[in-house]
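Take a look at the structure below.
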Amino acid sequence: MDQPSSSRPEEHVSIPDLTGVHPAWLPPGVFRAIGARRVLVLGDGPLTGTVRAEAEQACARHGGALEQDGTGSPDLVLALSAAAGQTPAARELLAGQGGSAVGEEGYLLARRDGVTVVLADDSAGLLYGLFHVVRLGEEAFTGERPAERHRPAARRRMLDHWDNIDVHPVMGQVERGYSGGSIFWRDGGPRGDLARVRAYARLLAATGVNAVTVNNVNVHATESRLLTDRLGDVAAIADEVRPYGIRVHLSVSFASPIRLGGLPTADPLDERVREWWARTTEQVYAAIPDFGGYVVKADSEGQPGPFAYGRSHADGANTLADALAPFGGVVHWRAFVYNHRQDWRDRSTDRARAAYDHFAPLDGRFRDNAILQVKHGPMDFQTREPVSPVIAAMPSTRLAVELQVTQEYTGQQRHVCYLAPMWKEVLGFGPWGADGRTVADVATGASGDGGGLVAVSNVGDDFYWTGHPLAQANLYAFGRLAWDPRLEPAALLDEWIDLTFAPAAGGDPGPLRRTLHALMDGSWRTYERYTAPLGVGFMVRPGHHYGPDVDGYEYTPWGTYHFADRDGAGVDRTRASGTGFTGQYPRPWSEVYESLGTCPDELLLFFHHVPYGHVLRDGATVIQHIYDTHFAGVEEVAESRRLWERADPGDPALHARVKELLDEQLRCAEEWRDQVNAYFFRRSGVPDARGRRIP
Ligand code: GCU
């Protein structure tokens with residue numbers, strides 16, 4: 001699991017210098033503080049080469065100088081511990097640590113006697129330390145700074161791209177992508193110019209992400225061949241991202257032995273199948289020695305899987321894990337397994353139960369290098385869901401928690417929806433109540449070797465990377481939270497604002513900062529207010545999932561229902577009278593969610609079917625809450641739009657793009673408000689207590 005880097009010889013690294021694409025959080029100006037100084041880089045290895053190249057470019061731009069050896073008097077030293085002896089500042093910092101290791105991918109940062117020092121045991125740590133200095137800017141070169149030790153909370157910090165090589169007739173090139181085409185693939189093959197991929201890797205490294213999956217979890221025919229005869233395409237991407245400490249992973253089809261190997265079966269316990277995976281994986285590592293591993297969506301939404309052979313998901317995952325183990329690779333096996341062909345008339349089947357029912361009994365049966373990748377909620381990336389009970393149910397399995405940066409159900413990068421506050425709630429949730437352990441603790445593992453955090457990327461070949469320019473903040477915040485889940489969403493937003501906008505604002509984005517906080521801090525809750533109420537979820541247009549359609553999924557096989565009738569709404573998931581889903585939680589949540597008296601209001605309709613007159617904790621009835629929140633949510637969007645009119649991000653084109661998108665957000669929010677309010681008014685016959693117009 002070492003970083004791809006350290007043992008390889010140093011090579012010249014070219015820093016992507018892109019025109020025609022927005023610089024996101026790395027505009028050249030953020031390197032000014034470093035680039036205006038004398039910088040010394042000590043150590044070997046490709047990522048050290050990257051650090052050196054970054055420093056060199058910054059100095060060339062901003063008038064500083066890269067020192068050649070430790071004999072001068074540098075302002076900034078970036079040193080591997082093995083080379084710390086070459087200059088006094090690094091030597092003293094190392095000695096001050098009593099010789100103890102900094103740790104994998106970690107770094108020490110200190111400033112004494114006018115010298116800022118970054119010290120790392122491996123070159124990945126050095127790179128992360130460099131980006132820390134970039135974030136600090138001038139502050140890194142002011143006053144004294146006692147030694148701080150920084151390490152990632154988890155060693156696995158991954159973004160999954162749901163990208164197809166071919167444009168899929170229904171899903172397009174990027175499944176659930178709202179930012180143009182793929183940055184990896186175009187016209188049925190790899191993009192000719194991979195400079196954007198290198199630039200993407202650089203942006204990700206600056207947040208702390210160290211792995212990407214380059215193709216969709218739904219593996220179609222062409223994409224399945226990336227594992228074999230099109231492996232060279234994957235290797236080309238790996239070459240681009242390696243200098244920034246990023247490993248490439250591949251989504252593979254469980255049926256590959258049949259599709260690609262010509263075998264009559266993909267039974268994971270069949271010796272021929274096991275051999276095929278072993279041989280194929282060996283070839284992958286011959287082409288990409290630092291290959292990360294496989295991602296598998298099996299027996300899910302039509303993808304093939306072990307059930308066809310009467311085998312368990314542990315059998316399936318372990319066969320792939322065994323093939324990867326000799327090379328240090330891992331398989332991310334997704335727990336998103338449910339019946340998507342259920343009968344809506346059948347009230348006993350509950351999609352929320354499915355992942356736990358399938359996987360909890362398998363705890364302890366997965367190999368060490370098999371990571372079970374669990375969506376954060378039991379359904380599917382809704383605006384509001386409880387935390388998945390699987391996260392508390394498998395103490396003997398390595399779990400990764402999967403988030404969705406791409407805004408499938410949260411406004412599709414046409415709406416402002418800063419998701420870090422939601423992720424923070426999820427990561428800080430204590431599945432066992434008050435004993436202190438959190439979802440983040442499960443994902444990171446006791447010593448950082450848990451499954452880590454994974455998210456579905458929101459990036460495409462759009463000029464701003466993410467369609468909506470402000471959606472860049474979600475990508476930034478995910479990487480930073482994967483590095484340290486204790487970071488605060490508002491502080492992360494400040495980091496992103498400073499890096500992205502300060503250089504253009506002459507160093508102080510003050511007024512813009514206030515506007516962006518006003519627009520973004522509460523935007524997830526605003527989105528929640530004008531869409532599906534009280535945790536019930538969905539109510540979206542089937543298929544593309546943009547905009548309201550209250551009954552759109554109500555009579556479909558997808559298992560996503562609200563059961564609204566003339567008396568009330570919500571899904572009874574209690575043990576007493578419903579699907580029993582509440583019983584999948586440990587105490588106290590199994591009790592908290594079971595009882596109407598203690599179930600949090602924001603999840604009320606997720607867990608209970610209640611009459612419209614049910615009174616919430618703030619004294620409002622459910623029906624009045626629906627009306628009030630929908631009117632309020634639209635007002636909040638209108639206010640954002642007013643604020644943005646007066647904002648100056650120092651970039652007229654960006655201003656115009658956000659303005660246009662806020663117009664669309666307001667239109668869509670009004671549509672949500674009117675459809676949801678009208679629907680529930682017509683069902684319930686209860687008028688709005690405040691007499692507002694409901695169409
Ligand atoms: C959602 C999404 C699909 C995706 C699936 C998954 O259902 O709508 O496009 O394939 O999640 O996570 O596998």
Side-chain angles (χ1 to χ4, degrees), residues 158-179 182 213-220 223-224 249-255 294-305 307 313 316-317 331-342 351-352 354-355 358-359 371-383 385 388 390-391 399-413 419 426 451 453-460 478 531-532 537-547 549 552-553 556-561:
M158 179 157 98
L159 280 163
D160 284 357
H161 282 257
W162 287 356
D163 296 14
N164 302 313
I165 296 178
D166 292 329
V167 175
H168 186 271
V170 180
M171 289 297 173
Q173 189 177 27
V174 180
E175 181 155 336
R176 311 307 179 187
Y178 313 105
S179 314
S182 168
T213 305
V214 297
N215 65 311
N216 191 359
V217 287
N218 295 314
V219 186
H220 307 295
E223 294 76 12
S224 62
H249 296 238
L250 200 57
S251 293
V252 296
S253 167
F254 183 78
Y294 300 138
V295 177
V296 184
K297 172 176 178 176
D299 289 318
S300 171
E301 299 183 333
Q303 293 297 310
F307 286 161
H313 277 250
V331 57
H332 284 80
W333 192 269
R334 296 178 84 228
F336 185 58
V337 177
Y338 70 100
N339 176 6
H340 70 291
R341 298 211 176 93
Q342 85 173 67
R351 172 166 164 182
H358 287 305
F359 287 93
I371 293 171
L372 191 65
Q373 185 167 316
V374 186
K375 287 192 182 185
H376 67 84
M379 295 296 279
D380 194 1
F381 299 136
Q382 296 304 291
T383 313
E385 289 189 42
S388 167
V390 176
I391 294 170
L399 295 186
V401 173
E402 183 180 312
L403 307 173
Q404 196 182 39
V405 185
T406 195
Q407 291 172 237
E408 175 179 1
Y409 291 102
T410 51
Q412 305 201 347
Q413 278 124 265
L419 291 167
V426 168
L453 290 187
V454 179
V456 186
S457 175
N458 62 351
V459 159
F478 166 72
T531 56
F538 293 91
M539 300 191 173
V540 289
R541 294 254 158 197
H544 60 64
H545 299 165
Y546 185 73
D549 188 345
Y553 273 114
T556 71
W558 292 94
T560 51
Y561 314 119

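Numbering of ligands and ligand atoms starts at 1, following listing order. Since we're looking at a predicted model, the values are computed, not measured.
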request  = Determine whether the aromatic ring centres of His545 and Phe381 lie less than 6.0 Å apart.
outcome  = no
inquiry  = So that I know where these two stand, are Phe538 and Tyr409 an aromatic pair - ring centroids less than 6.0 Å apart?
reply    = yes
task = Show the numbers, then the answer: is there a side-chain hydrogen bond (donor to acceptor under 3.5 Å, both in side chains) between Glu175 and Asn218?
result = CA-CA 9 Å; Glu175 181 155 336; Asn218 295 314; 2.9 Å; yes
request  = To the nearest 0.5 angstrom, please state how far the NE2 atom of His249 sits from the NE2 atom of His161.
outcome  = 12.0 Å
request  = Scan residues 158-171 for pairs that pass salt bridge (Lys or Arg N to Asp or Glu O under 4.0 Å), counting only residues two or more places apart or in two chains.
outcome  = none
query = Who's touching ligand 1 if we go heavy atoms under 4.0 Å?
reply = Trp162, Glu175, Arg176, Val217, Asn218, Lys297, Glu301, Arg334, Phe336, Lys375, Asp380, Glu408, His545
query = In this structure, which one of Phe307, Trp333, Tyr338 forms a ring-ring contact (aromatic ring centres under 6.0 Å, His included) with His358?
reply = Phe307
